[in-house]
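Just so we're on the same page: letters track the sequence lines, and every chain starts at 1. As a basis for the values below, the full set of heavy atoms in this structure was taken, side chains included, without hydrogen atoms, waters or symmetry mates. Small disclaimer: the values here were computed from a predicted structure and weren't measured.
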2 protein chains.
Amino acid sequence: MADSVITLSDVAAAAGVSLSTASKALNGTDRISEATREHVRVTADRLGFRHNALARSFARGRSQTIGVLTHRASNPFTRVVLATAATELGAKERAILLYDARMEEQHDVTESILQLRARRIDGVIVIGTSTSFRTPSFTSRFDVPVINAFTVPEDPQDTTITADDYAIGRLAISHLLSTGRRRIAHLTAEPHDMAAQRRAEGAGQLLAEAGLQWAAPVRFGRWREEWGEQAATELLAEVPDVDAIFCGSDAIGRGVERVVRAAGRQVPGDIALIGVDNWESLMHDQRGTRHLTTIDVGLEEIGRRVANRLLEGDLEPGTQYVEPHVVIADTA
Amino acid sequence: MADSVITLSDVAAAAGVSLSTASKALNGTDRISEATREHVRVTADRLGFRHNALARSFARGRSQTIGVLTHRASNPFTRVVLATAATELGAKERAILLYDARMEEQHDVTESILQLRARRIDGVIVIGTSTSFRTPSFTSRFDVPVINAFTVPEDPQDTTITADDYAIGRLAISHLLSTGRRRIAHLTAEPHDMAAQRRAEGAGQLLAEAGLQWAAPVRFGRWREEWGEQAATELLAEVPDVDAIFCGSDAIGRGVERVVRAAGRQVPGDIALIGVDNWESLMHDQRGTRHLTTIDVGLEEIGRRVANRLLEGDLEPGTQYVEPHVVIADTA
DNA sequence: GTGATTTGCGAAACCGCTTTCGCTTCCCCT
DNA sequence: AGGGGAAGCGAAAGCGGTTTCGCAAATCAC
């Protein structure tokens with residue numbers, strides 16, 4: 001153990017230069033001859049010097065930490081974005097300070113905002129829930145960059161990175177069409193849910209472009225497995241010759257699959273099934289075979305992009321969408 | 001906007017006391033008359049003063065941030081622990097700095113450790129994977145408290161909070177017995193996987209205590225859905241009158257369920273199914289009906305406890321287990 | 001009432017680094 | 001050769017708190 005931590009002045013002394021020179025040499029700032037610079041660097045290494053990050057943050061007035069505001073951190077989607085962003089930021093020496101609205105209840109976000117400002121955070125990530133409602137705009141409440149993730153921003157000028165629900169819908173249909181399906185139905189969640197709406201819309205569009213129409217009117221219901229069962233039961237009764245079902249989520253897909261199989265139909269032989277969420281990857285992580293064919297909405301990509309854009313200071317206003325991709329498995 | 005941020009000296013000046021008095025008054029340290037203390041407090045509030053957390057951290061030498069070491073942050077279980085711990089810490093004004101071993105590959109953890117020390121972190125949380133292998137001990141590599149989460153520690157003296165796999169096994173069987181099942185089988189993952197082993201062991205124990213034995217030898221395989229299908233198929237052929245299956249994970253359970261239903265058995269009428277993981281809660285979050293009856297291993301509890309014990313300085317050596325609980329749904 | 005404590009507060013050092021500013025020196029032009 | 005500008009470096013002023021220490025006044029013991 002090197003024992004007592006060595007400081008920049010130790011390095012300066014050992015290198016025979018002034019404190020300020022040492023600082024500049026190591027930081028690459030200001031005008032310092034390459035010779036001195038190198039010399040300082042070498043002595044610093046030799047002594048095993050590391051900047052005291054606290055002192056540095058204090059002097060610079062920037063904390064190297066990013067504030068994260070979540071609506072509900074226990075939401076599984078939020079978690080994915082959070083974890084990937086945190087990983088990305090951690091790799092770049094940035095800490096995160098998380099404020100979950102749920103923890104505060106009515107304590108008002110204002111308090112959290114003040115806390116974050118007191119911490120002199122360098123930026124803010126707001127993670128929303130994409131689906132049901134717009135997250136309020138925090139952009140003007142901070143004097144540091146704010147970037148939204150996985151949310152429909154209240155103010156379209158806010159810098160936002162989120163899933164592309166239209167593209168998700170189109171992609172699902174595109175995949176089903178490419179496997180030769182023509183009598184396609186769509187079972188999805190609440191009609192008020194924006195994600196559900198847009199996916200249905202995107203899907204309908206592509207279907208129309210292909211000169212087709214839904215084999216049955218789109219059924220809106222819940223995000224849950226049981227709704228999948230119920231909707232599928234009704235659907236099979238109504239349109240027995242359906243040959244593919246686009247399920248609004250993997251959970252719905254699970255319910256649908258059970259009913260379809262129970263009805264004696266082969267999957268995907270008789271009826272192809274495709275979901276959305278890549279639920280299994282949320283569970284398994286390791287690559288390998290999967291069960292339900294699905295659309296990955298790109299949550300991890302959102303987390304990565306949001307972290308990187310914040311660090312790079314790329315805050316171009318407006319919404320940027322990540323591209324979804326098909327994860328092929330056994331059901332389509 | 002109050003414009004230029006106000007500092008402690010502003011408060012001191014406004015209150016007509018010295019800087020040091022103001023500091024002590026607000027911190028509750030040292031001897032200050034209750035009158036002055038209150039007076040300073042009031043003026044501070046009036047001015048809307050907040051400590052500059054950076055300056056404070058610097059002066060105190062403690063960063064108010066916790067280092068987190070993960071083996072693979074993208075693992076879904078890790079994510080849950082991470083997110084809950086982060087939420088808990090955030091509520092207490094602590095930031096987290098995450099180092100994911102995957103990001104660093106062979107860059108060696110040593111580097112991360114040095115980084116964390118340079119950051120003057122106040123403590124470390126090591127999140128493991130519980131199952132396959134022991135995470136190396138970091139306790140002695142930091143001069144701050146280290147606490148392990150969801151892992152089998154290399155050194156039993158390390159402070160650790162993790163899932164109780166024996167109890168999980170016992171609980172699963174206990175639930176099946178309480179619903180009148182007697183011919184119970186167990187399909188689970190790799191025989192080398194410690195979690196799988198212990199669950200099987202715990203389950204077998206309780207079964208024995210009840211004077212029963214497995215309806216078929218425990219089948220070890222993989223954590224995957226497909227293995228569930230395969231194992232269930234074999235099981236049904238071998239022991240047609242089985243009346244309950246304890247599945248080593250929800251993923252396995254899903255595969256098992258499909259096969260059982262396809263074989264024309266009612267679930268849970270003919271055969272009850274119970275899994276482990278509470279997979280659906282990892283997906284849904286919102287409470288409400290579920291599909292697969294399962295055991296929740298208590299990941300969130302682990303995250304919470306680990307955060308709180310670290311903050312409270314409760315570092316009693318040894319492993320502490322969180323209690324699993326049954327989540328009743330449609331299959332048992 | 002006198003000496004010994006205790007109480008309440010302020011002066012000032014300090015945490016370790018960044019950054020401005022000014023002073024030499026050196027180089028380049030004309 | 002002389003003057004202007006740039007290059008290289010150091011002194012010192014912060015950054016905004018915390019904390020040690022000392023001193024005066026108030027309190028206590030007897």
Side-chain angles (χ1 to χ4, degrees), chain A residues 2-41 43-44 47-65 93 114-115 117-122, chain B residues 2-41 43-44 47-65 93 114-115 117-122:
Chain A
D3 295 293
S4 60
V5 170
I6 63 142
T7 78
L8 185 57
S9 15
D10 296 340
V11 176
V17 299
S18 80
L19 177 59
S20 43
T21 301
S23 170
K24 294 171 205 163
L26 294 180
N27 286 316
T29 62
D30 212 341
R31 297 165 306 182
I32 298 289
S33 77
E34 194 47 49
T36 340
R37 203 181 287 286
E38 190 54 22
H39 177 221
V40 173
R41 262 200 280 259
T43 35
L47 301 187
F49 167 76
R50 310 210 131 229
H51 285 95
N52 177 332
L54 248 43
R56 186 178 241 189
S57 287
F58 173 51
R60 297 218 246 237
R62 306 193 317 106
S63 57
Q64 303 283 96
T65 109
E93 315 291 331
L114 290 175
Q115 296 284 6
R117 295 169 63 136
R119 268 264 192 172
R120 301 289 187 279
I121 44 148
D122 302 338
Chain B
D3 295 294
S4 58
V5 170
I6 62 143
T7 79
L8 186 56
S9 14
D10 296 340
V11 176
V17 300
S18 80
L19 176 60
S20 44
T21 301
S23 171
K24 295 172 205 162
L26 294 180
N27 286 316
T29 62
D30 212 340
R31 296 164 307 182
I32 297 288
S33 77
E34 194 46 51
T36 349
R37 204 181 286 285
E38 189 56 20
H39 176 222
V40 173
R41 263 199 279 258
T43 37
L47 300 187
F49 168 76
R50 310 211 132 227
H51 285 93
N52 178 331
L54 248 45
R56 188 179 237 187
S57 285
F58 172 53
R60 297 219 247 237
R62 307 195 314 106
S63 58
Q64 304 284 97
T65 109
E93 316 291 330
L114 291 175
Q115 296 284 5
R117 295 170 64 134
R119 267 266 193 171
R120 301 290 188 279
I121 44 148
D122 303 337

query = What does D30(B) touch in the nucleic acid at a heavy-atom separation under 4.0 angstrom: a base, only the sugar-phosphate, or nothing?
reply = base
task = Look at T21(A) and dC9(D) and indicate whether a side-chain polar atom (N or O) is within less than 4.0 Å of OP1 or OP2.
result = no
message = Would you say that L26(B) contacts R41(B) through its side chain, given a criterion of any heavy-atom pair below 4.5 Å between the two side chains?
response = yes
request  = Could you check F49(B) against G16(A) and say which one's nearest nucleotide on DNA chain D is further toward the 5' end?
outcome  = G16(A)
ask   = Just how far, in rounded Å, is C1' of dA11(D) from CG of L19(A)?
value = 10 Å
Any S33(A) side-chain nitrogen or oxygen under 4.0 Å from OP1 or OP2 of dC9(D) = yes
query = Could you state the CD-P distance from E34(A) to dA7(D), rounded to the nearest angstrom?
reply = 14 Å
task = Can you tell me the distance, in whole Å, between the CG atom of L54(A) and the P atom of dT18(D)?
result = 13 Å
inquiry  = In the structure I gave you, are the side-chain heavy atoms of V17(B) and K24(B) within less than 4.5 Å of one another anywhere?
reply    = no
inquiry  = By the 4.0 Å heavy-atom rule, please label T7(B) as base, sugar-phosphate, or nothing.
reply    = sugar-phosphate
query = Where the side chain of S18(A) is concerned, which of dC9(C), dT18(C), dA11(D) is the nearest nucleotide?
reply = dA11(D)
task = Would you mind reporting whether H39(A) and T43(A) have side-chain heavy atoms less than 4.5 Å apart?
result = yes
Length of the CG-C1' vector between L8(B) and dG16(D), whole Å = 8 Å
ask   = So do S57(A) and Q64(A) actually touch side chain to side chain, heavy atoms under 4.5 Å?
value = yes
remark   = Among the nucleotides dG10(C), dC17(C), dG16(D), whichever has the atom closest to the side chain of V17(B) is dG10(C)
key: Rounded interatomic separation in angstrom, taking CG from L26(A) and P from dC9(D)   = 13 Å
task = Name the nucleic acid region contacted by T36(A), choosing base, sugar-phosphate or nothing; use a 4.0 angstrom heavy-atom cut-off, strictly under.
result = sugar-phosphate
ask   = Rounded to the nearest Å, what distance is computed from the CG atom of residue D10(A) to the P atom of nucleotide dC15(C)?
value = 11 Å
ask   = For K24(A) and R31(A), take the nucleotide of DNA chain D holding the closest heavy atom to each; which residue's nucleotide lies nearer the 5' end?
value = R31(A)
key: dC17(C) pyrimidine/purine six-ring stacking with F58(A), under 5.5 Å and 30°   = no
message = Mind checking if S20(A) touches a base, just sugar-phosphate, or nothing, with heavy atoms under 4.0 Å?
response = base
query = In whole angstroms, how far is the C1' atom of dT19(C) from the CZ atom of R56(A)?
reply = 13 Å
inquiry  = If you count every heavy atom of other residues, nucleotides or ligands that lies below 6.0 Å from R62(A) atom CZ, does the total exceed 12?
reply    = no
task = May I ask you to evaluate whether S23(A) reaches the phosphate of dC17(C), defined as a side-chain N or O under 4.0 Å from OP1 or OP2?
result = no
key: Length of the line joining N27(B):CG and dT20(D):P, which is rounded to integer Å   = 13 Å
